[in-house]
Amino acid sequence: MKHRDQAHHRRTSRIDYEKELNPEQHAAVTAPPGPALVIAGAGSGKTRALTYRVAYLVENDVPPERILLLTFTNKAAKEMLGRAESLIPVSISGLWGGTFHSVGNRLLRRYAREAGLQPDFTILDAGDTKELLGNCFQEAGIPPKSKDFPKPEVVQGLFSFSANTRQTIETLLAGQFSHLQQFSVNLHHLAAVFKARKKRANAVDYDDLLSLPLEIFNAHPEILKSCQERWLYVLVDEYQDTNALQAGLVDAFAGLHKNVMAVGDDAQSIYSWRGANFANIFSFPERYPGTQVFRLETNYRSTPEILSLANASITNNEKQFPKKLRSVKRSGSRPKLVCADDSSRQAQFITEQIRELQRDGVRPDQIAVLYRAHSHALELQMEMMRQEIPFQITSGVQFFEQAHIKDATAFLKIAINPFDEVAFKRMTQLMPGVGPKAAEQLWKQAEGRESWDAVAVKPKFASEWQSFADLVTSMRSRATPADDAVNETAPEDFSGDAAEMIGSIVDEFYANYLTLHYDNHEQRLEDLRQLQVFSKQFANTSDFLGQLALMTNMEAEQNRSAKQHQPRVRLSTVHQAKGLEWKAVFVMMLCEGTFPLGRCMGSAEQIEEERRLFYVAMTRAEENLYLLYPSFRAGRGSYGDPFQKKSRFIMELPPDLMDVTAQPNQWEDGESGEEPGKFFKGSRHWL
DNA sequence: AGATAAGTGCTTTTT
DNA sequence: GCACTTATCT
């Protein structure tokens, strides 16, 4: 999806920065070279500032290929580059922009051999990583079904945290992970086996995409030097959410010229569980002496009413940069606080309000419902479907981690990378009668081989195996090798490889498999057709697979729904809503235990992070903000007590800043014998 | 190896 | 109270 509108209306005159930016933004955008920290409050035009900064640098003769832009999502990168491109008359396609992981991927493709890999290496997603780590247990001397050893995902959690915070396993076992200390010897052993196994499979996990480039830099100062020389300017978005590893990468990239501009908001740091350390933003000036600090405190997004409430909430946090966000929008209505009797009424209330908003001319895609965890949205989802309100949900399961997508791409992966243990085993286990054990046997014979002619199989599945082998062999002959030189100029002539391969897999085998295994096989088949179309935009299969592994649901949804013109209400977790904005926002399930989430109430720090999350949720709203909570919740999740307490995040807010729509539990207080449903029957009254 | 039965544990956020 | 994991049997 190119940014058609803007790209075609590229302007030819120079930008009048003073006119187009406010003084705060202007100062940051036109900052002289040197380290700069931009503290940008919610809705303060952070994206605008970064976009204009790119344009400003290019207008001042910095070649685009010497600028590196690190963002939190691929979507944000695309958007910023598209906008920047529309501002200036030159192409900036040479600029490197993307997530840390995607930049790590590009670097690693180029210098794969220095890390002991082939440039065609596979990227293991979360499931693959867990799978491969599980396969390592035996080799590491851990009995296959030992009850008292942590599960692969727990071990992976430790390894990942170790990589992302750059702390040794030793250190973590002595501190936060002390409950695993008794397994110290085995864990260390496992770490070594796992590392070797990944290398042997010519595969990397998400963390390797960040840590291997750093290892290469350490071992090869000349590579570090050439990167540092290349990137004259480094721009980092969402700096508050960087972890030690990412901060380390930034420091490495910017180590020579020190022209790093870090943009972030400490109040919006919500990724500490992934090792993000929002102290990075505080310590930035110490790490970069001479840092100029800029503050963007004018909020263009929300009404003063919404902003006052958000500000009131965040002041309850001890650890923060005090800041004074000013709204410039004209006054609107106060945020509404709504107590529903139970979560199904909460859902009804939301759908009713959505209809009301639509009657007032608000488009569905200007509305979002936000919640703490995916599971909180189930009832609402059903209600929306029942009421036939079009909605889009970025579900918990990543689109590309669904079984059928992974099954089909396993063929491509093994075709591209003959050492990909995980893909091979996944593929072979699609054959009837083949489980983990048989897959292992086959792998022993097939590992690393270009041809599988010599692999001996039981007659039971000989024909199936033959067709798989033929399929993969023909794909290998068709597949183009990854471009070693990391496509500065992507060879367009090879695109379509992956699409053809997926087509063969589906036609010759997988369509049939789907009908036998899934009742929703049509849907899954359609997904694969979509995948085929999607794959055509990549220069080669290797590129396609790499991007696929780094793509989030948000980006997938974007691609999938690009064709459906129907505007949809967005249902999303607060995490996924980061950086987005809507005219009307509902924040639901504001109960003690659901928001803040029970699991995350262990320490004061965790509560503060939950509050930041609440702050992020509120500041997504432009005009209408609704805070909702049910007073009663049956079933799981209620931890035995079906009566829900209103979230402390609501209790601590000044009541006069809100419009209280329904009183909690009137019938429970004995005030009246009203039926729970009464409020809602005539609910238009109350709104 | 796969189906069925019993048992466990667990309800979060994402590249 | 449910989904996923593991044990046992065929």
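Nothing here was measured: the structure is a model prediction, and the numbers come from that model. Residue numbering restarts at 1 for every chain, and letters A, B, ... go by the order of the sequence lines.
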Legend entry - Distance below 4.0 Å between A/Lys151 side-chain N/O and C/dC4 OP1 or OP2: no

Inset, instruction - Would you give the length of the straight line joining atom CE of A/Met589 to atom OG of A/Ser375, rounded to the nearest 0.5 angstrom? - result: 8.5 Å

Legend entry - A/Lys437 side chain, from C-beta outward: closest of B/dT14, B/dT12, B/dA1: B/dA1

Inset, instruction - Tell me whether the OP1 or OP2 atom of B/dT13 has a side-chain N or O from A/Gln576 closer than 4.0 Å. - result: no

Inset, instruction - Quote, to the nearest angstrom, the C1' distance that separates C/dA3 from B/dT14. - result: 22 Å

Legend entry - Euclidean distance, atom CG of residue A/Leu442 to atom P of B/dA1 [Å, nearest integer]: 11 Å

Legend entry - Length of the line joining A/Leu210:CG and B/dT14:C1', which is rounded to integer Å: 13 Å

Inset, instruction - Ignoring the backbone of A/Arg372, work out which of B/dT15, C/dT6, B/dT13 is nearest its side chain. - result: B/dT13

Inset, instruction - To the nearest 0.5 angstrom, please state how far the CD atom of A/Gln346 sits from the CE atom of A/Met588. - result: 4.5 Å

Legend entry - Comparing A/Glu610 and A/Thr99 on DNA chain B - which has the more 5′ nearest nucleotide: A/Glu610

Legend entry - Between C1' of B/dT14 and CD1 of A/Ile270, the distance in whole Å: 10 Å

Inset, instruction - Tell me what A/Phe100 touches on the nucleic acid: a base, only sugar-phosphate, or nothing, going by heavy atoms under 4.0 Å. - result: nothing

Inset, instruction - Report yes if at least one side-chain N or O of A/Thr573 is closer than 4.0 Å to OP1 or OP2 of B/dT14; otherwise report no. - result: yes

Legend entry - A/Tyr271 ring center within less than 6.0 Å of A/His575 ring center: yes

Legend entry - Candidates A/Lys195, A/Lys199, A/Lys198 - the one meeting side-chain hydrogen bond (donor to acceptor under 3.5 Å, both in side chains) with A/Asp208: A/Lys198

Inset, instruction - Taking atom P in both C/dC4 and B/dT11, compute the distance separating them and give it to the nearest angstrom. - result: 11 Å

Inset, instruction - Could you check how far CD of A/Gln240 sits from P of B/dT14, rounded to whole Å? - result: 16 Å

Legend entry - pi-stack flag for A/Trp273 and B/dT13, centroid dist under 5.5 Å, interplanar under 30°: yes

Inset, instruction - Check whether any side-chain N or O of A/Ser102 sits under 4.0 Å from OP1 or OP2 of B/dT15, and answer yes or no. - result: no

Inset, instruction - Please determine, for the side chain of A/His374, which listed nucleotide (B/dT13, B/dT15, B/dT12) has the closest atom? - result: B/dT13

Inset, instruction - Provide, to the nearest angstrom, the distance between the CZ atom belonging to A/Phe161 and the P atom belonging to B/dT13. - result: 18 Å

Legend entry - Nearest-Å distance for atom pair CG/P, residues A/Leu370 and B/dT13: 14 Å

Inset, instruction - Could you check how far CZ of A/Phe614 sits from P of B/dT13, rounded to whole Å? - result: 19 Å

Legend entry - Ring centres under 6.0 angstrom apart (A/Phe595, A/Tyr629): no

Legend entry - Distance in angstrom units between A/Tyr271 OH and B/dT15 C1', rounded: 9 Å

Inset, instruction - Using the closest heavy atom to pick a nucleotide of DNA chain B for each, name whichever of A/Leu613 or A/Met431 lands nearer the 5' end. - result: A/Met431

Inset, instruction - Tell me what A/Ala438 touches on the nucleic acid: a base, only sugar-phosphate, or nothing, going by heavy atoms under 4.0 Å. - result: sugar-phosphate

Inset, instruction - Please say whether more than 12 non-hydrogen atoms of neighbouring residues, nucleotides or ligands are located less than 6.0 Å from NZ in A/Lys130. - result: no

